[in-house]
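Each chain gets a letter, A, B and so on, in the order the sequences are listed, and its residues count up from 1.
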Amino acid sequence: MTDSAAARMAWQKEGYSRIPYGVYTDPEVYAEEQQKLFRGPVWSFVGMEQEIQEVGDYRTNYIGETPVIVVRDKDGDVQVMVNRCAHRGNLVCIAREGNASELTCVYHNWRYDLKGNLVNVAFGKGVGNVGGMPDDFDPAQFGLHRLRVETLHGLIFATFSDAALPLRDFLGADMWANLDRVLGRDMELLGTFKQYMPNNWKLYMENVRDSYHASILHMFQATFRINRLSMKGGIRLSDNGWHHISYSIAETDREEAQYNSKVLLSVKDGYLLSDPSLVASWREYDCGTTLAIQSTYPNFVVQQIYNSIALRLCLPKGPEECELMWWVLGSADDTAEQREARIKQSNMVGPGGLISMEDGVVGGWVQRGSKHDPDLTTIVEMGGRDVAPTEEGRATEVSIRGFWKGYRELMGV
Amino acid sequence: MTDSAAARMAWQKEGYSRIPYGVYTDPEVYAEEQQKLFRGPVWSFVGMEQEIQEVGDYRTNYIGETPVIVVRDKDGDVQVMVNRCAHRGNLVCIAREGNASELTCVYHNWRYDLKGNLVNVAFGKGVGNVGGMPDDFDPAQFGLHRLRVETLHGLIFATFSDAALPLRDFLGADMWANLDRVLGRDMELLGTFKQYMPNNWKLYMENVRDSYHASILHMFQATFRINRLSMKGGIRLSDNGWHHISYSIAETDREEAQYNSKVLLSVKDGYLLSDPSLVASWREYDCGTTLAIQSTYPNFVVQQIYNSIALRLCLPKGPEECELMWWVLGSADDTAEQREARIKQSNMVGPGGLISMEDGVVGGWVQRGSKHDPDLTTIVEMGGRDVAPTEEGRATEVSIRGFWKGYRELMGV
Amino acid sequence: MTDSAAARMAWQKEGYSRIPYGVYTDPEVYAEEQQKLFRGPVWSFVGMEQEIQEVGDYRTNYIGETPVIVVRDKDGDVQVMVNRCAHRGNLVCIAREGNASELTCVYHNWRYDLKGNLVNVAFGKGVGNVGGMPDDFDPAQFGLHRLRVETLHGLIFATFSDAALPLRDFLGADMWANLDRVLGRDMELLGTFKQYMPNNWKLYMENVRDSYHASILHMFQATFRINRLSMKGGIRLSDNGWHHISYSIAETDREEAQYNSKVLLSVKDGYLLSDPSLVASWREYDCGTTLAIQSTYPNFVVQQIYNSIALRLCLPKGPEECELMWWVLGSADDTAEQREARIKQSNMVGPGGLISMEDGVVGGWVQRGSKHDPDLTTIVEMGGRDVAPTEEGRATEVSIRGFWKGYRELMGV
Amino acid sequence: MDASRNAPEADDATRCLIENFIVDYAHMVDDDRLEEWPGYFTEACTYRIIDRASHAKGRSIGIMECSSRGMLLDRIKALREANVYEPHFYRHILSGIRIRGEKGGAWLVETSYAVVRTMQEGDISVFSSGKYVDEIVIENGRPLFRSRVIVCDSQRFDTLVVIPI
Amino acid sequence: MDASRNAPEADDATRCLIENFIVDYAHMVDDDRLEEWPGYFTEACTYRIIDRASHAKGRSIGIMECSSRGMLLDRIKALREANVYEPHFYRHILSGIRIRGEKGGAWLVETSYAVVRTMQEGDISVFSSGKYVDEIVIENGRPLFRSRVIVCDSQRFDTLVVIPI
Amino acid sequence: MDASRNAPEADDATRCLIENFIVDYAHMVDDDRLEEWPGYFTEACTYRIIDRASHAKGRSIGIMECSSRGMLLDRIKALREANVYEPHFYRHILSGIRIRGEKGGAWLVETSYAVVRTMQEGDISVFSSGKYVDEIVIENGRPLFRSRVIVCDSQRFDTLVVIPI
Ligand code: FES
Ligand code: FES
Ligand code: FES
Ligand SMILES: [Fe+3]
Ligand SMILES: [Fe+3]
Ligand SMILES: [Fe+3]
């Protein structure tokens with residue numbers, strides 16, 4: 001790995017608890033990530049089936065920085081292809097979303113079917129026997145670059161790598177189970193938006209896995225004395241430590257009876273709110289899980305905060321910028337009351353989220369605070385130096401260490 | 001060439017039909033182009049004599065990214081000099097255009113004559129025998145860097161290179177002849193503007209040479225059923241293949257009589273236009289040439305589209321941006337009717353051109369589609385893999401291959 | 001120094017009179033400067049004591065591009081620390097200025113005292129004996145990076161380097177004396193602003209030391225015939241040549257009597273001004289010094305232009321941009337008349353300065369004029385090639401050579 | 001067809017009242033007098049920030065949604081006491097205040113806007129552009145927003161949105 | 001001397017009519033109701049986009065020149081059916097609508113503008129700034145542009161200009 | 001509480017006079033008719049450019065301070081004859097001209113602004129945003145600035161400030 005920029009960084013000999021700041025800023029490290037990590041043996045989230053329901057429906061997105069097309073083919077299957085014409089590299093799909101019976105490149109009308117096969121080259125036979133492609137031109141060699149695809153509960157994942165394990169094995173049982181729990185029913189897309197952040201994408205992914213900061217950086221609930229039901233919770237990790245869930249569960253106690261009902265929780269807490277209906281919620285899951293933040297490698301997040309359900313995809317946009325895409329969801333059979341509660345709870349998250357807006361800015365502060373010392377390292381030792389599940393969420397950075405375990409393994413450093 | 005970034009690109013062993021995408025994005029390749037290509041044995045267009053008619057008239061421009069001054073000296077000759085003061089590097093001319101009897105650097109008043117000779121250094125002899133330049137200071141060594149200049153029909157070309165052939169030989173007979181045909185008379189400057197594009201300059205130069213896309217990407221004429229006179233045409237190349245002309249000629253046929261007249265063609269076609277006068281044109285050239293797009297190496301274009309005559313200069317502005325400068329021309333003895341037709345036809349070209357606006361955006365799409373795969377290549381094999389003239393324009397990319405022939409020869413890769 | 005980008009530049013074998021243009025643009029050279037120069041054995045100005053009068057008052061600033069906190073601790077001493085949390089690199093102080101009893105990082109509430117010692121780690125002992133920091137965690141190892149600090153007449157200087165000489169020795173007697181003269185009394189902060197410039201920071205520092213350009217680039221005084229008292233003056237340098245003062249002194253002559261008075265000089269000159277009160281001034285210093293521009297290595301300036309007193313700090317913001325911070329000062333015991341004169345004279349300096357606005361733009365012109373020829377050099381030989389004091393200010397670039405002497409010594413090239 | 005063409009024109013006094021109201025709102029935000037913000041709305045109200053594309057699709061969730069003056073009060077209290085962000089200011093540039101008609105006792109008003117944001121370090125950028133779609137009721141001579149929907153041209157928001165647009 | 005100082009002042013009704021007309025034009029473009037665009041002009045008309053420097057030199061060619069309502073119709077048809085470009089929106093910010101006088105039965109009006117452009121991916125930028133120089137005739141109570149010349153401050157245009165300014 | 005709410009309202013004619021005056025100032029600067037600039041001020045006057053934070057702290061020095069029409073004349077003479085800079089234009093975009101009241105015979109007026117700057121090479125940027133805080137006196141029917149304080153949102157100025165804001 002001598003010519004690997006990532007390997008040149010000041011990694012400790014082993015372990016995942018000291019991260020050199022250079023990995024957040026170095027352009028060569030960033031370029032290596034595009035190849036080894038985003039095109040490595042991982043499954044990248046690229047969109048929802050709801051967004052492409054009809055044959056020919058497509059949306060464009062990115063895997064790392066590589067533009068891709070997500071389209072439903074004539075068999076009703078989902079295809080994911082690199083959005084680059086085989087002729088001279090033009091984007092085949094320009095619009096963010098649309099419907100097409102074939103994928104036609106506007107530059108010279110090379111036409112691809114919905115599986116990415118090249119079906120026609122304009123003037124390929126020339127005009128009046130003059131010009132055209134050489135006789136040995138083989139259209140089969142010039143289809144769009146098609147990726148492996150798997151879907152789960154409407155989530156579409158794709159990978160560049162033949163070495164990637166099947167999605168179920170890649171995620172592992174616990175991760176799979178949480179997706180079942182949160183999304184395993186008829187979901188409805190309630191809203192989408194994007195948030196641009198002035199920091200390396202990994203700083204956001206650490207933040208997502210960082211249960212340590214939640215009760216500290218975000219002062220909204222403390223300020224309004226929103227004392228939720230007494231909780232237990234902790235961190236669950238996939239066996240390889242790459243993926244994580246941090247969760248809280250309402251304990252059985254005297255408030256249980258009330259919360260146990262499916263009706264909206266009348267808010268005794270949050271009494272400092274002028275309008276406490278803002279935080280009204282109901283027990284949506286029998287398990288009593290009130291909060292579950294899940295991240296799957298490398299840059300996908302599934303959020304359940306009370307009844308606020310959302311997906312997040314963190315796209316790298318250069319070494320020092322990233323963009324966070326949001327999909328806010330509800331259940332298709334929400335009552336009007338439940339739907340209204342979800343909408344109100346949506347005020348907690350996103351770029352204007354009363355609870356979480358700080359997550360949009362803190363990464364930029366770390367970027368500015370640390371970029372001038374690429375050889376110094378963070379210390380990620382809250383809760384020890386290992387990578388193992390725990391029943392304590394607040395006093396541990398274990399799932400961040402899990403992220404770096406995956407990073408060192410994938411980047412080969 | 002081991003330390004040449006361009007040489008490190010994924011070039012096929014020989015030929016010009018597979019271009020590695022890295023040449024459109026790599027900063028080192030870009031830097032090498034500034035030296036080997038823009039300062040190599042080529043003639044760069046820098047402006048028109050009409051813009052500097054009087055002694056002392058000057059305009060500033062760029063050769064590659066190097067700022068230059070184009071000025072008419074006291075002998076009435078045109079001089080082109082690097083716009084950099086020999087003292088400490090300040091731009092000698094700040095304004096885009098002006099008139100000056102001498103070129104004086106505002107920073108410390110070093111004064112140069114209109115041929116770039118250093119004629120005075122402020123306080124050069126010091127003040128009261130104190131200070132001043134060392135006795136061995138030789139002003140002759142500190143003139144502005146003056147370039148070789150040749151002009152043709154009001155076009156001003158300059159080169160950094162002593163190895164550049166005389167302009168006539170550099171262009172070759174066919175290229176020279178077309179300039180004679182289009183510009184060999186008293187021309188008038190009708191308009192100028194600039195267009196910024198989010199792509200490497202070479203993507204635009206390929207687009208200019210790409211007759212393949214014309215009837216496909218640009219749908220204006222098809223949409224309005226503008227069926228022009230039946231045409232013949234093709235591609236002409238200079239002997240070395242570096243420069244090109246793609247042309248169409250009105251064939252002699254039953255409409256010929258009418259088109260042959262010098263009066264405006266009453267438009268039978270374009271009947272879907274609400275105002276067909278938009279496309280009214282007249283037979284301006286006896287040869288019946290209706291369209292001729294010429295490009296000379298590396299980044300200059302002469303356009304005749306019916307009666308719309310324009311010059312274009314594509315300036316590199318970093319690896320992923322370029323700026324296109326336009327000079328729109330007419331003949332000094334246009335009739336009022338002809339002038340009006342030229343003005344209307346100008347709606348077809350430029351950033352708002354009904355026919356050609358797509359050329360401003362497609363390069364950026366290629367940039368975004370291909371930049372993440374620097375080691376993959378385009379396939380430029382329409383019309384074969386060679387570099388030779390042809391009678392067919394639509395089904396060939398031969399003049400693009402000619403561009404890359406010149407590129408590999410100049411860059412030494 | 002083989003792997004030093006600065007060393008690869010086209011330096012002349014010895015001397016300081018030919019500067020390769022590459023040092024103004026090369027990103028690697030820029031990165032080396034951050035380490036060898038801004039963190040080298042120099043004292044960087046970071047603010048004024050007036051800005052942090054009370055215990056806990058702080059302001060943020062930069063040394064090179066490294067963010068720092070300038071704070072008054074509980075002992076009343078000034079502390080300067082790198083603005084980077086030892087945990088995971090967050091900026092500890094976000095606001096430009098404020099007051100705090102402790103420095104608390106908002107991300108996870110690691111708390112530092114005003115000397116930068118880590119005094120508390122949130123959940124450091126875990127929650128209910130679960131989680132927390134490892135037993136071998138030693139808070140003493142994780143304080144903020146504290147720098148050496150010295151102050152003089154309210155100016156706060158800091159250094160990263162143990163090798164830096166004491167401030168007095170670093171500056172030398174002449175530099176120290178001028179600071180005494182200009183600032184050695186109770187000063188008042190009258191205004192602050194910032195000016196962004198499209199050029200490498202060194203081009204501005206050369207401009208400050210460039211007495212050669214003053215009467216040439218800046219035409220305000222000549223235009224309005226502001227013929228000041230006949231002057232003598234010159235350049236003073238520190239023994240190592242790193243720091244400079246260029247000065248003018250009113251000679252004893254027939255106007256002396258009048259100027260000698262402490263009352264405002266009734267303006268006989270500047271008769272072309274519609275409102276000559278703009279340039280009214282008084283003899284503030286017994287020595288009769290009318291103008292003194294002082295620069296201390298690397299990027300600090302103290303200005304006395306008649307009664308306009310200001311400090312300037314030139315912060316690098318990447319290879320091709322810099323930001324100039326201004327502190328405009330007055331004396332605490334100015335009369336109303338004197339204060340008004342200072343305010344009027346402030347129109348001469350800053351981004352809108354009638355005399356000096358050109359200094360904000362000329363650096364950008366040099367950047368654009370020279371960046372495409374990194375291997376060419378300036379010629380800085382006005383007044384010879386050596387580095388020595390002189391009685392002539394206009395016809396010499398000696399203090400610029402002094403700057404490059406310091407540069408080559410610090411950068412080891 | 002432009003709705004405004006055949007809309008019942010408000011009289012000059014009303015138009016002046018509404019225009020001043022919309023202008024004052026912008027000055028109030030830019031002057032950082034945010035405690036006054038909830039007072040610009042009726043007790044039951046709508047304050048929504050949503051991007052143009054989502055608005056066109058009829059999505060029910062944008063990036064901010066308040067349905068009572070109380071929620072507005074809570075927003076400002078959070079901004080002042082709870083939320084952590086870098087100091088910055090907005091500058092609202094309004095253009096083309098047009099009364100489109102009346103509905104259920106409220107004036108329907110549309111106004112284009114651009115918000116220029118300045119960070120404490122001095123960076124200036126166009127933070128958002130779009131259109132205010134308002135329902136304004138006039139209660140004893142005082143206009144109030146019954147509904148103010150901010151339809152942003154961009155679906156992307158830079159860093160965070162804490163100050164109301 | 002500022003021309004407006006001694007210009008024949010239009011009466012309030014006329015000024016209001018003209019101001020609403022200019023404002024409605026901006027909303028129409030920004031709302032993507034471009035089919036209405038040609039209807040804002042007289043049958044024979046001038047619609048020109050030209051940069052400030054070329055305008056001052058009296059150049060006859062800028063980047064767009066329409067001399068009839070038919071050409072405007074063709075522009076919109078091309079935009080809808082023929083031209084290929086990336087989806088984007090304009091937001092017109094107008095400032096200082098000033099009636100400078102009357103000429104040949106048309107009101108001479110000048111308005112400063114800035115156009116903020118938002119691309120589908122979300123990038124926001126100031127695409128153009130400059131001044132509308134208009135000749136407005138009022139035909140049976142309805143204002144129409146006899147001439148609308150857009151004098152852009154910049155001679156540089158980013159990528160392409162397909163939506164009318 | 002918004003000061004404007006209970007301010008003595010200026011009558012329509014006065015408001016129109018003041019609004020046109022402020023608008024004409026912007027057109028005058030953007031049209032490069034700067035010789036007219038001093039004529040917009042009273043003989044003894046205040047023209048000050050200062051950033052918002054310094055203004056709030058009551059700092060006595062910003063980046064420009066003229067206290068007489070003579071100083072304004074000298075500024076323009078310097079701009080035309082002495083100062084060296086790259087050609088560029090401003091485009092003033094004004095928003096929300098609001099008369100806040102009257103003081104000592106002058107109308108107190110506040111107006112938000114953004115200045116878009118275009119360099120000769122074509123670069124477009126938002127150069128400054130902020131608020132005009134004006135004192136306007138009306139002398140025989142002609143408004144004049146007794147005081148015009150430009151309070152800029154940003155403390156950072158790009159390159160230089162030679163054209164008045
Ligand atoms: S680039 Fe796609 S068809 Fe040519
Ligand atoms: S840089 Fe040109 S005279 Fe000094
Ligand atoms: S980064 Fe400062 S406390 Fe964690
Ligand atoms: Fe968080
Ligand atoms: Fe084309
Ligand atoms: Fe100077």
Side-chain angles (χ1 to χ4, degrees), chain B residues 96-97 188-199 216-224 270 272-279 308 310 321 323-330 339-340 342-365 368, chain E residues 38 41 43-88 117 119-121 123 125 127-128 150 152 154-165:
Chain B
R96 187 167 46 191
E97 58 200 2
E188 190 175 327
L189 184 55
L190 304 182
T192 65
F193 43 81
K194 304 195 298 180
Q195 184 174 3
Y196 212 78
M197 297 181 290
N199 55 269
I216 295 173
L217 176 63
H218 308 304
M219 297 297 298
F220 176 77
Q221 287 171 306
T223 302
F224 289 93
L272 291 185
L273 285 168
S274 300
D275 185 343
S277 74
L278 179 69
V279 294
S308 173
E321 293 178 354
E323 182 169 74
L324 189 64
M325 299 177 66
W326 291 76
W327 291 255
V328 184
L329 306 175
R339 183 57 55 89
E340 189 190 338
R342 287 201 208 274
I343 292 172
K344 286 185 177 176
Q345 288 179 48
S346 71
N347 282 294
M348 301 298 168
V349 299
L354 287 161
I355 289 183
S356 66
M357 68 171 70
E358 290 84 7
D359 295 326
V361 69
V362 72
W365 291 337
R368 285 151 55 186
Chain E
F41 293 80
E43 178 50 48
C45 60
T46 297
Y47 176 80
R48 175 180 303 141
I49 302 177
I50 189 166
D51 69 278
R52 182 174 185 147
S54 297
H55 187 65
K57 285 178 179 161
R59 300 275 198 220
S60 41
I61 290 183
I63 67 154
M64 224 181 262
E65 178 82 29
C66 300
S67 52
S68 72
R69 190 184 286 161
M71 284 194 196
L72 301 175
L73 286 164
D74 293 334
R75 272 270 166 201
I76 298 308
K77 184 176 181 189
L79 175 150
R80 295 289 193 217
E81 299 174 29
N83 294 131
V84 182
Y85 50 91
E86 197 158 356
H88 60 282
R117 184 189 64 180
M119 303 305 293
Q120 85 176 341
E121 292 262 334
D123 315 61
S125 63
F127 179 66
S128 177
I150 293 95
C152 305
S154 177
Q155 194 179 37
R156 175 192 287 163
F157 296 88
D158 178 29
T159 311
L160 55 73
V161 183
V162 60
I163 302 173
I165 292 173

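- Residues E:G70 and B:S274 share a closest heavy-atom pair of O-CB, 3.5 Å.
- For E:N83 (side chain) and B:L354 (main-chain N/O), a donor-acceptor pair under 3.5 Å exists by modelled atom type.
- When each of E:I63, E:L72, E:V84 is checked for heavy-atom pairs under 4.5 Å with chain B, E:V84 comes out on top.
- Counting heavy-atom pairs under 4.5 Å between each of B:M325, B:H218, B:M197, B:R368 and chain E puts B:R368 at the top.
- The existence of a salt bridge linking B:E97 and E:K57 is confirmed by a sub-4.0 Å separation between a basic side-chain nitrogen and an acidic carboxylate oxygen.
- There is no contact between B:E340 and chain E, counting heavy-atom distances below 4.5 Å.
- A cation-pi geometry, defined here as NZ or CZ lying under 6.0 Å from the six-membered ring centre and within 45° of its normal, holds between E:K77 and B:F224.
- Looking at B:W365, only its side chain comes within 4.5 Å of chain E, counting heavy atoms on both sides.
- With a 4.5 angstrom heavy-atom cutoff, E:D158 touches chain B via backbone and side-chain atoms both.
- Taking the side chain as every heavy atom from C-beta outward, B:P198 and E:T159 approach each other to under 4.5 Å.
- Scanning both residues, E:A82 and B:M219, for their nearest heavy atoms gives O-CB, 3.4 Å.
- Judged by distance alone, with hydrogens and angles left aside, the side-chain atoms of B:N347 form no donor-acceptor pair with the main-chain N or O of E:M64 at under 3.5 Å.
- The greatest number of non-hydrogen atom pairs below 4.5 Å with chain E, out of B:G360, B:G191, B:G352, is found for B:G352.
- For the atom pair B:Y196 OH and E:F157 CZ, the distance stands at 15.5 Å (nearest 0.5 Å).
- For a residue to count as touching a neighbouring chain, one of its non-hydrogen atoms must lie under 4.5 Å from one of that chain's; by this rule E:S60 touches chain B with backbone and side chain alike.
- Looking at B:L189, the atoms closer than 4.5 Å to chain E (heavy atoms on both sides) sit in the backbone and in the side chain alike.
- Proximity to chain B is absent for every atom of E:S154, based on heavy atoms less than 4.5 angstrom apart.
- Atom OH of E:Y85 is separated from atom CE of B:M357 by 8.5 Å, given to the nearest 0.5 angstrom.
- Distance check, rounded to the nearest 0.5 Å: OG of E:S54 to CG of B:L190 gives 11.0 Å.
- Side chain to side chain, E:Q155 and B:T192 meet the donor-acceptor criterion of an N or O pair below 3.5 Å.
- Per-residue counts of heavy-atom pairs under 4.5 Å with chain E were compared for B:D359, B:I343, B:V361; the largest is that of B:I343.
- Panel note: side chain B:D275, backbone E:D74; no donor-acceptor pair is recorded below 3.5 Å.
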Do E:E65 and B:K344 pass the salt bridge (charged side-chain N to carboxylate O under 4.0 Å, His left out) test, and can you show the C-alpha distance, the side-chain angles, and the key distance before you say yes or no?
CA-CA 7 Å; E:E65 178 82 29; B:K344 286 185 177 176; over 6 Å; no
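- Under the 4.5 Å side-chain criterion, counting only non-hydrogen atoms from C-beta, E:R156 is not in contact with B:Q195.
- The candidate with the highest count of non-hydrogen atom pairs below 4.5 Å against chain B, out of E:E81, E:R69, E:E86, is E:E86.
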